[in-house]
Every structure is written in structure tokens, then in C-alpha cells.
Amino acid sequence: MTVIHVALDVPVNRLFDYLAPNADSADIGRCVRVPFGNRQLSGIILSVSNLPSVPERKLKTAGLIDQAIPPLPQSLLELFEFCSHYYHHPIGQVVMNGLPALLRKPGYTTSRIPKQIQEWILTDAGRIITLSDIPARSKTKRQLFSLLLENGIITADIYKAMSPHSRKLLHEFKDLGWVEQRTALPGKFAFSTVPTLAPTTEQAHAIAEILARIGTFTPWLLHGITGSGKTEVYLQVAASLLAQQKQILVLVPEINLTPQLEATFRKRFPNTPLVSLHSGLNSSERLQGWLQAQCGEANIILGTRLAIFTPMPRPGLIIVDEEQDHSFKQQDGLRYSARDLAVYRARQANIPIVLGSATPSLESYHQARIGRYRLLQLHARAISQAVLPAIHCIDMRVTPAQERLSEPILDALRQSLDQKQQSLVFINRRGYSPALLCKSCRWIATCKRCSSRLVVHLRNRQLRCHYCGDQQPITPACPQCGDPDIMPFGHGTQRIESALIKQFPNARILRVDRDSIRHKTAWQTMLDTIHQGKVDILVGTQLLAKGHDFPNLALVCVLNADSSLYSTDFRAEEHLFSQLMQVAGRAGRAHIPGTVLIQTEFPQHPLYLALIRQDYAAYAQTQLKERKSASFPPFVYLAVLRAEAPVLAEALEFLHQTAVIATIAKEYAHIQLFDPVPATMTRLKGLERAQLLIQAVSRKCLQIFLSDWHQRITALPARSKLRWHLDVDPLTL
DNA sequence: TCTTTAACCAGA
DNA sequence: CTGGTTAAAGAG
């Protein structure tokens, strides 16, 4: 009797056994279709044996085993198992979370996988065409073709990000014989790279160091200030491994960053098959890319956190760019950290991993200081003429301001305008104003379902909750006292935008935040507008801070940095420092000296003093000292048990009960449990939430305790309307 | 999670 | 007795 043990997408942490007379160990890692209850599911075979774990009569017979797709490699299955244990998440859901959605659909086989046209290549005939052959008024057409001329190739996600019409335009080019479609990528490729500028001494050193330890598990922390050319290090190390036909995995924090990085890699390695994987792809594109990685056709895999689960037969290098970014941690379902899993995978595959950042997470920096990671530093900007921006604080206790804009900032903006240079006004708050206030009775508009204030959006005269997305029209009068004198209170991007328009009526001002780039192609269009120099003043949120080069940007103004200075979250300061370093790094990248002005009420705060000196190391050291004395990560290990229920008391009561059963769990003596407390945002989407913090001196203690405790909590009688989850290594408390 | 089944209650 | 809602149990 042959029994297969199958991982299924159900929230129970166990495998399900099926009879499969023809299966053998070669089927481990294959996709199988099985009956489950009265429905059909597809799952992954994790093992094959002749010992069912339930009485034989309960066994059903498995359906078709998909032979068309090669089985998942053992290493990936191990990663899934590790994930399930470490994050205390059902194995089946871990496995299914890591696979493209189409593979989860029952009965889906490669025979039905659409052979999608992915790439368009410039033909010899196209190469002799110049932009002047295209009418000037066909803007997108020109844009598209100039990209083709530059790179010789254009891929689906790049042209799709550009304009919805680009597909049609590419077909026009094809009819003219300028481009060809490429359906499948070649299995073997002739490696080549285009000539590059010589690396700086520091870059060369970093590259040599990494290359010297290729083929062994070596975690590198590449600490390079903004503009120091970390990407060049990635590229040159990658070049060496690609030449050996190895696969490279590159993780970036956000989808927005993939097109730019993809273009960079394409340009450097024109013949190397590359796929990008992120949640912005449709399901067949995602499957296509995943399959190319899994069968070894794609040699560069570039993506967001989900790409960490991509099977690779010949892994050679993993790169995690902006490793400190919180986006690498999934905030729901399987709460994994792609950065941490990347280190696991590198160890497993015995290959180097490069964690890159201008402001490394304190966790990684600490690892480097104690010698577990190797530290590489880039202190100088890669373009020799480029100097670091000068950073100044403006003391808002003594400086007058109108509409949150102080005189020095208005002066600097004016000057920048005169010199025809771009400026960036950074305010990390969307909307017109973060609150609506009644002047006579002090009533403030709050969300019905969340403990949050409603944000005023003047454009469509709406009040919006930024936590649950709920919208309602602005009330004409105070609902509490009837006074019509209700006022927007505080400043968001939209309000600053209108204030700037008033101040600088002739300036071209562009607002960039999640509201303004809601439409699919808006982001790319805005980037182009900025690059073409058609913008004088940019107003925006952190979207603008991340990883984009604005060559003509000379001035950065930060308006409301203080808000997270004295936060209850012990990571808020680290986050602010990193964010300000990033946004400051936007100024003066190429040949223009940059200026950064920060409005603050606390100009003497150590964070700003360190920021002015742009001294990450010193700041990190003092932060680490504080973390150590306060017993915070990276010196202790944390987990959070969160519960949500219609009323707070129920959630708290549940957590109290789990605390009681914790005392009989294994390793309890080495664990510290804190009192259950209401969550920072207590009400969210109509539910009230509480949490319980667990602290341990070692990962091992924490894990032993959590496994035991988690089981006990699961065994507790279920309560209706109460949901709970464990978050291991949480980033926000 | 999804689905089935049992349990409960109101109303006729 | 019926219809409807709700809670608990089980899935191989």
C-alpha cells in the first residue's frame, strides 16, 4: 500500500494522507489533485510511505499527480517546513502561500499554461530608426521607442507600467518590422555584459571580498551611504556568478522599485534571462515567471518578499536590497520575514547573501558587530564630484511659519526655483488634514469602526479613515453641538500642496502619494515627468524617499518629522532615522550640491544631531546601547500574541487565559510574559484588539516555549467571534 | 477555511 | 412542525 502525505491549503497544522498506488518517492514535491470533503483541492506531496497516520478505512484515493511540472526541490520543501515551525503556521498554508495561485487551482497543468509573449526585441531594421522618425506628438510612442533604443529589449511589466496603450503600439512597431516578439526564453544563454565605469576603490574592495568567498555561506552586510553605488556592487558580483551559469535572487521591498532595478539588470546583462516576481503580476504571468525560475531557464530572479519562495535549481547568490525595510515582513497570514528567510536559504544552499542598506536594521548591524555577518562599507559617493548634502534643522519653537512652511524653507524653495533646480517637500501624511475639529465643543471626527481620526480629503469633500478605508462626506456642521464652525486641523500633503501653489503661483508643483498614484500607470508617468525636468516642487510622502534617483534635485524640506520621536514603539526612532537618511539622500545626487532642511521642535535631539553629521555608525551604537539596557531586540527575542473580538474585554480575557496555561508550558522559566494590553490602534474595522508580549533571551528558548504554548492555545475551547494569531519577531508593537 | 450537522428558538 | 439562525466539529 502506497500512501502520500499531502500539504493542503487548510488552516490545520497537519498533512492529509491519500492512497496513491502508482506513486513513489520521485513524486515528492509534485502537485496532486485530491478529494477533500465534497470538493476537489490540489496540494503538494511532501512524503511517500506505506504507513498511513489514520485508520485505513478513512483513506481516500488521490487523483492525478501532475507530471508536467518538475517537482519542487527538496530544499524548498525544507524551507516550507522551517517556516511552518518557526512562525507556527499550518504547513499546508505555508506551502500554498509560497506557490503561484494557479498551481493551487485544482486540475491546472502545464498543458494549459498560456505561452505568453513576454518580451519585445529591437530588430536590426529597428536599430537604424531614430526618434525623429516618430511624430513628436505621439508621446507614448516616442517614450516606448526610446526605451527600446536604450535597452534593445522591453518586457511586459515595463511597458505595462508605462501606458495602457503600449501593447497596441508595440504591435504597430512589429508591423513596421522594428521589433520582434520573443515567446520563450532560450535555455542556455551566451553570457555577456556591457562595459561599465570602473568601480571606486571601496566598491572594488567589496566586490573582491564577496567574490573571494563564493560557494560558501557568507552573510555580508553592505553598508553604503545613499549614492555610494551599492547597485554596482550587486551587478559586478552577479556578473561573476552569472558567468558560471548560476542563478541570482534579488529582493526589493516594493513593487514600485522592480521596474527600475529590472531595467538596470537588463541593460547590464542583455542576454541573461530575467524574471520579476511580485503581487502586481496577473496569475498567469506569475506562474510563467515562477516556472522559468524553477526549471532553471531564468538566471536572474528579481522580486518582492514573495519571491523568496521561488525554487531555484542552481542558486549562486541572494541579494536583499534595503534590508532594513519593514515591507520584508508580511503583516498578515504567514508572518514571515523574507530577509530572515533569505539568510536561511543562503545557508541551506551554501552561497553568499548580500544585505544592502544605507541604514542597516539594528538587528543586522548587531550581527555584523559580533562577527556573524561580515561588514562592508561604502563611505564615499560613487560619482566623485557628488558630495553629501548639507543638513540643517530649523527650530520651530522660535521660527514663524505659515501653513506649516517656515521662512527659511520658503526662502530656500524660492532660491531653488530661481536656479531652476528641483525641490522636494516631504510630509509623511496623506490627505488635506489629519483631523476635522469643532471649534466650540472640541469634537473631532472619528471613524465608526476604528479608534482613528478621520482624515479630511478636500478634493472630493470626503472624510476618510486611513486604517479601514471607510469614506463619508464632510459634515456641514458639528454633529455634537450643531456649530457650523468646523475646521480642518493639521497638515497633509494636499494642504501643503495648496499652500505651495499660493506661495509659488508660477512653479510647477507635483504631489506624489498613494492617492495620486492610485491608477496603474500614474507612477511611471510621474517619474517620467520628474525626470524630464517638468516639475519644480515635489510634494510627497515616503513613496518619494525610496530608491529613486532625481538627478536635478537640490533641496529637500522635511516638514513634520517629530511625530514619531517619542513614540511607544521602540523601533519608531530607528525607522525615522532611516527614513530621513533616505529622503536626505535624494538631494544632490549628481553634480549639484544638496541641501536638506528639517523643521523640528527638538533640534537638540540626538537623532537630529546624528543625522546632521550623517553618522549612521554613531547613531546605531547609541541605539544599540539603549536597546541593550532596556532589553529590546536584538538583545532579546520577541513574539506577540494578538487577539481580536467585538469587545476589548473578551480579547483581554482570552489573553489572560493563555497566560495562565503558559505557566505549565515547557521552557516557561526562561520566558517573560508581559501583561495583556490593548493594541495601539484598539479598534480596527469594527473589532477590538489586544496583545500579549513574550520575551526570551534566546531564539531557541522562545521556539521551544512557543511550540508548546501554541499547541495549548489551539486546544483551548474555541470562542465565537474571537480570532488570534502569533507573530514571531514582530516589527510593530 | 469551508462545509456539514446539530442545536436552538420563534412562530404558526 | 417548519424555517431560520448559530455554534461546533471534521476534513485523510
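Just the heavy atoms: all of them, side chains too, but no hydrogens, waters or symmetry mates, feed the values below. We name chains A, B, ... by the order of the sequence lines, and we start the count at 1 in each one.
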Write down the protein N/O and nucleotide N/O pairs, taken from nucleotides 7-10 of chain C, whose separation is under 3.5 Å; answer none if there are no such pairs.
none

Quick one: which residue pairs count as a salt bridge (Lys or Arg N to Asp or Glu O under 4.0 Å) with a foot in [range], not counting sequence neighbours?
range	result
residues 671-691 of chain A	Arg683(A)-Glu688(A)
residues 2-13 of chain A	none
residues 640-657 of chain A	Arg642(A)-Asp727(A), Glu644(A)-Arg723(A), Glu653(A)-Arg719(A)

Sequence neighbours left out, cut at 3.5 Å: what donor-acceptor pairs do the side chains of residues 46-53 of chain A make with other protein atoms?
residue: Ser49(A); atom: OG; partner: His5(A); partner atom: NE2; Å: 2.8
residue: Ser49(A); atom: OG; partner: Leu51(A); partner atom: N; Å: 3.1
residue: Ser49(A); atom: OG; partner: Leu51(A); partner atom: O; Å: 3.4
residue: Ser53(A); atom: OG; partner: Asp17(A); partner atom: OD2; Å: 2.6

> Below 4.0 angstrom, N of the basic side chain to O of the carboxylate: do Glu363(A) and Arg571(A) qualify?
Replying inline: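 A salt bridge is present here (some side-chain N lies under 4.0 Å from a carboxylate O).
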> Under 4.0 angstrom, heavy atoms only, what part of the nucleic acid is Tyr18(A) near: base, sugar-phosphate, or nothing?
Replying inline: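 The answer is sugar-phosphate, as Tyr18(A) gets under 4.0 Å only of primed atoms, P, OP1 or OP2.
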>> Once you apply a heavy-atom cut-off of 4.0 Å, does Arg723(A) come out as touching a base, just sugar-phosphate, or nothing?
In response: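 If one applies the 4.0 Å heavy-atom cut-off, Arg723(A) turns out to touch the sugar-phosphate alone, with no base involved.
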Residues in side chain to side chain contact (heavy atoms under 4.5 Å, CB included) contact with [X], at least two apart in sequence or another chain:
X	answer
Asn97(A)	Phe309(A), Gln330(A), Leu334(A), Tyr336(A)
Pro35(A)	Tyr18(A), Gln40(A), Lys60(A)
Ser452(A)	Cys447(A), Cys450(A), Cys465(A), Tyr467(A), Met681(A)
Asp515(A)	Arg430(A), His457(A), Arg464(A), Gln494(A), Arg511(A), Asp513(A), Arg518(A)

> Does Trp709(A) have any ring-ring contact (aromatic ring centres under 6.0 Å, His included) partners at least two apart in sequence or in another chain, and if so, which?
Replying inline: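 Residues passing ring-ring contact (aromatic ring centres under 6.0 Å, His included) with Trp709(A): Phe705(A).
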> Heavy atom of residues 7-17 of chain A under 4.0 Å from DNA chain C: which residues?
Replying inline: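 Result for residues 7-17 of chain A: Val12(A), Arg14(A), Leu15(A), Phe16(A), Asp17(A), sorted by number.
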> Once you round it to whole Å, what is the distance between C1' of dA11(C) and NZ of Lys60(A)?
Replying inline: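 Spelled out: NZ on Lys60(A) to C1' on dA11(C) is 8 Å.
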> Could you give the CD-to-C1' distance, from Gln93(A) to dA11(C), as a whole number of Å?
Replying inline: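 The answer, rounded to whole Å, is 14 Å.
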Give every pair of a protein N or O atom and an N or O atom of nucleotides 4-8 of chain B that lie under 3.5 Å apart, one pair per line with the distance.
residue: dT4(B); atom: OP1; partner: Asn38(A); partner atom: ND2; Å: 2.4

